[in-house]
Structure formats: structure tokens, C-alpha cells
Amino acid sequence: MLDTPTLRVAFGVVALTMLVLFYFVTYRTTRSAYSAWWCASLALFVPGASLYLFNGTVNQTWANPLANAIVVSGAGCVWAGARSLWTASPPWWQVVAAPALVGVVSALDDPATNIWAGGAFFLGAMWVLLGMAAHELFRQARSYTPGATSDSVAYRLALRSMTVGCALVATYYFARWVVFLAIGWTDPVFSTWFGGQATTLISTVLLATVSFSMSTLSNEQQTAALRETAARDGLTGLLNRTEFLRLATGEVQGTLRDGVECQLILADLDHFKQINDELGHLAGDRAIATFADACTTSVRSSDLVGRYGGEEFIILLAGASADRATQVTDAIDGAMHEAAEREQVRLPTVSYGIATVEDGVDLERTIGYADAALYRAKAAGRNRSVHYFPGVA
């Protein structure tokens with residue numbers, strides 16, 4: 001078997017080659033968070049592996065703790081990248097906390113004579129971070145619903161391969177950690193199966209293997225971001241009309257199938273034209289954005305809120321009673337009033353039309369009922385909520 005320094009040089013060359021290719025081919029094309037985190041991890045693994053080459057020299061005192069911290073940072077970036085596939089990336093302090101701890105412990109564990117200074121903390125941090133990465137990838141793979149396209153199938157396969165790859169490396173580091181604690185790094189069993197040679201060889205092979213999945217995951221993340229942008233209103237960030245109707249149709253069908261009540265609210269900003277005419281379009285845009293914020297803070301995360309057009313908005317409350325719908329409109333009005341006082345601006349009042357979604361009545365007709373109730377709210381003097389009742393003109 002090749003000696004450890006040679007294997008580490010080979011690993012560094014492979015990682016550096018992948019970094020260059022991945023940066024210029026994938027990151028520069030997609031600008032996705034996942035590709036950014038992977039570029040960061042590769043950029044850390046290269047110097048981290050290189051610093052271990054100073055073991056056995058006078059520079060080992062500073063190089064070894066620094067190498068441990070950098071390699072753990074690379075593993076932290078792998079976790080952050082996996083997390084970015086389905087939710088927001090973690091704050092920076094969560095990524096640097098483990099490397100900082102490992103670096104400090106390694107520096108205090110006589111690194112001048114001990115090449116495994118801080119070894120227990122280093123190995124523990126590696127299997128925890130890589131295990132967390134595998135968990136994040138598994139969550140994404142489990143929740144992902146692929147379409148019929150070849151891209152969707154490729155994305156699912158890429159998720160699975162990355163999950164397996166991270167899980168295998170995490171398992172290996174867990175085994176290293178257990179054996180290290182049980183018999184120490186000087187034991188022949190540890191040096192043969194869990195020493196630098198075996199670890200570097202396994203890391204190189206797996207790094208080359210998972211590289212085929214990186215571009216697929218980055219491209220899908222970019223595509224998902226574009227789909228999200230296309231489904232959102234540019235001013236408010238709410239669902240646009242088309243996306244709201246698509247999601248609401250499926251939500252209504254599922255809710256009614258379960259025998260749960262559902263409410264639909266149409267909202268219209270009162271005298272909105274006066275805001276634009278008297279205060280300008282920027283004031284009108286601010287009023288629309290403020291109302292959108294009031295909606296999102298007043299409903300549950302499972303409810304749907306969309307901009308229906310102009311100054312008109314639409315809300316679907318699944319599993320909600322008519323009284324709950326009134327409470328929501330009151331909460332929105334309260335949030336609007338608080339915003340007006342806090343920012344010392346003039347904001348319009350709002351009229352609401354509320355309709356119960358009934359079994360056998362399609363969404364389009366229910367929207368018509370809510371619109372009729374909204375018309376009655378306007379006719380009654382605005383700044384109020386009106387429920388639709390059949391037969392009431």
C-alpha cells in the first residue's frame with residue numbers, strides 16, 4: 001500500500017481538480033447555495049489534507065491543530081450544503097463552532113509530540129457533522145416527489161447516492177472514533193484499518209464518486225429557485241394568482257376529502273386609488289407590501305396567501321371555521337393599524353369577503369361567492385368582513 005503522505009498528496013490533487021471543475025462548471029453557472037457550500041468544503045479539504053504533511057516536523061505544533069480545524073470546517077460545509085437543499089442555510093456560527101472547539105482542544109493536547117492531538121474531538125466532530133449531512137439529504141430524498149422527466153429521476157438518484165456516500169463516511173468515522181477511544185491510535189488494529197492510509201484512500205474514492213451527483217443537485221436547486229421565483233409575486237413575495245389557484249385546488253380537494261371545513265377570503269384595499277393619486281405609487285406599493293406582511297403574520301404556515309391582482313388578495317384557511325376566518329381578518333386589520341402607527345404612514349382600510357368551501361362546489365365558484373360577499377362589504381361602507389350566505393343579495 002502507498003504511504004500516507006503520498007495518499008494525502010493524491011487526495012489533495014483530486015480535491016483541487018474537483019474544486020476547479022466544480023467552481024467553473026457548476027457554481028459559476030448555477031450560483032446555487034449547494035454548489036457554493038461544496039466549493040467551500042473542497043477549498044478547505046485541500047489545505048487541511050496538505051497540513052498533515054507537516055507531521056513529524058518542527059511545524060507539527062501549529063500545523064496539526066490547524067489541519068484538524070480546517071478539515072472539520074470542510075465537513076461542516078458538507079452539512080450546510082445538504083441542509084440548503086430543502087431549507088435555509090445554517091447561520092455561520094453553527095458551521096464554525098465545531099472547528100473552533102476542535103482547534104482549541106487540539107492545540108492544548110501537546111501537538112508537538114502527539115500527531116493525534118485532540119483526536120477524540122476531531123473524530124467525534126467528523127462523524128456527527130457527516131451524519132447530520134446524511135440526515136439532511138435523507139429528509140430531502142424522502143420528501144421529494146419526482147416527476148416523469150429524466151431530470152427528476154436523475155435528481156432522485158443523485159440524492160440517494162449522496163445520502164449513501166455521506167452515511168458511509170459518517171459510519172466509518174464513527175467506527176474510527178469508537179476504536180480510537182477503546183484502544184488508542186498506537187494499536188496496530190487502529191493504524192491498519194482506521195489510520196491515515198485507509199482513511200485517505202476511502203475519502204478519495206468516495207469524493208470522486210459523489211462528484212457525479214454534485215452538479216445534478218446544484219442544477220436542481222437552481223431550477224427549484226427559478227420555479228419559486230416564477231410562482232411568487234415580485235412586490236409582496238406572496239403566491240401569484242396562478243400558483244395560488246393551483247395549490248388551493250389540491251388543498252381544497254384533500255381537506256374536503258377528510259371532512260374538514262375550509263374558508264376562502266378575498267380582501268381588497270379600500271380607496272387604494274386615492275393612495276396612489278395623493279401620495280404616489282411608492283406609497284401604494286408600500287401599502288400593498290405592508291398588507292402582505294400583515295397577512296403572513298396573521299395566518300398559519302399551512303394556510304395559503306396570494307396576490308389575486310392589483311390591490312386584491314386571496315387567502316385559503318384549511319381546517320378553519322367561519323369564526324376563525326373572522327379572527328384572521330381582525331388580526332390582519334390589527335397588524336395594519338400597528339404598522340401605520342409604528343411607521344407613521346397612511347395605510348388604507350380593508351374590506352373582506354368570506355365564503356365557506358363546500359363539498360361539491362369547485363374553487364372557482366367559491367371565489368365567486370367570496371367576491372359577492374366582498375361586494376356587499378364595499379356597499380355597506382367598507383372596512384369590514386362579510387360572510388357569504390346563499391340567497392342573500
Side-chain angles (χ1 to χ4, degrees), residues 8-52 66-103 122-138 140 158-159 161-173 199-222:
R8 283 176 173 157
V9 170
F11 174 82
V13 171
V14 171
L16 181 60
T17 303
M18 288 180 57
L19 170 61
V20 173
L21 293 175
F22 199 59
Y23 176 79
F24 286 102
V25 176
T26 302
Y27 175 72
R28 294 287 296 272
T29 302
T30 65
R31 299 290 180 175
S32 70
Y34 180 76
S35 61
W37 282 114
W38 259 103
C39 284
S41 69
L42 292 172
L44 290 165
F45 285 143
V46 172
S50 301
L51 286 171
Y52 287 124
L66 183 59
N68 286 350
I70 291 176
V71 172
V72 172
S73 296
C77 290
V78 173
W79 163 64
R83 182 181 172 87
S84 75
L85 288 173
W86 68 276
T87 187
S89 298
W92 66 269
W93 63 267
Q94 292 185 7
V95 180
V96 304
L101 176 63
V102 169
F122 167 75
L123 295 175
M126 289 295 290
W127 77 258
V128 168
L129 288 171
L130 293 172
M132 289 168 60
H135 175 68
E136 301 290 358
L137 290 165
F138 176 74
Q140 173 69 359
L159 276 174
S161 65
M162 288 293 290
T163 302
V164 171
C166 281
L168 287 174
V169 179
T171 301
Y172 180 73
Y173 268 96
T199 302
T200 306
L201 182 61
I202 290 174
S203 299
T204 304
V205 171
L206 284 174
L207 191 61
T209 301
V210 301
S211 65
F212 293 100
S213 302
M214 295 178 193
S215 295
T216 300
L217 297 182
S218 296
N219 289 331
E220 175 60 24
Q221 188 177 53
Q222 181 197 36

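The residues of the chain are indexed from 1 along the displayed sequence.
Here the closest heavy-atom approach between residue Ala82 and residue Leu137 is recorded as CB-CG, 3.7 Å. Taking all atoms of both residues into account, the shortest heavy-atom contact from Gly74 to Leu44 is N-CD1, 3.7 Å. Closest heavy-atom contact between Ala49 and Val71: N-CG2, 4.4 Å. For the pair Val95 and Pro90, the tightest heavy-atom approach, listed with the atom from each and the gap, is CG2-CG, 4.1 Å. Considering every non-hydrogen atom in both Pro47 and Ile70, the closest pair reads CG-CG2, 4.3 Å. Counting all heavy atoms, side chain and backbone alike, Leu51 lies closest to Ala67 at CB-CB, 3.6 Å.
Note: Gln140 CD to Phe138 CZ = 12.0 Å, rounded to the nearest 0.5 Å. Separation of atoms CD (Gln94) and CH2 (Trp79) is listed at 4.5 Å; rounding is to 0.5 Å. Note that the OG1 atom of Thr163 and the CD atom of Glu136 stand 10.5 Å from one another [nearest 0.5 Å]. Within the model, atoms CZ of Phe24 and CG of Leu19 stand 8.5 Å from one another, a figure rounded to the nearest 0.5 Å. In this structure, Tyr34 OH and Cys77 SG are separated by 12.0 Å, a value rounded to the nearest 0.5 Å. To the nearest 0.5 Å, atoms OG1 (Thr171) and CH2 (Trp127) are separated by 10.0 Å.
Evaluation of the ring pair (Phe, Tyr, Trp, His ring centres under 6.0 Å) rule for Tyr52 yields no partner, not counting sequence neighbours. The side chain to side chain donor-acceptor pair (under 3.5 Å) test applied to Ser203 returns no partner, not counting sequence neighbours.
Side-chain contact check for Val78 versus Trp37: every heavy-atom pair is 4.5 Å or farther apart.
In this structure, a donor-acceptor pair under 3.5 Å is present between the side chains of Tyr172 and Thr199.
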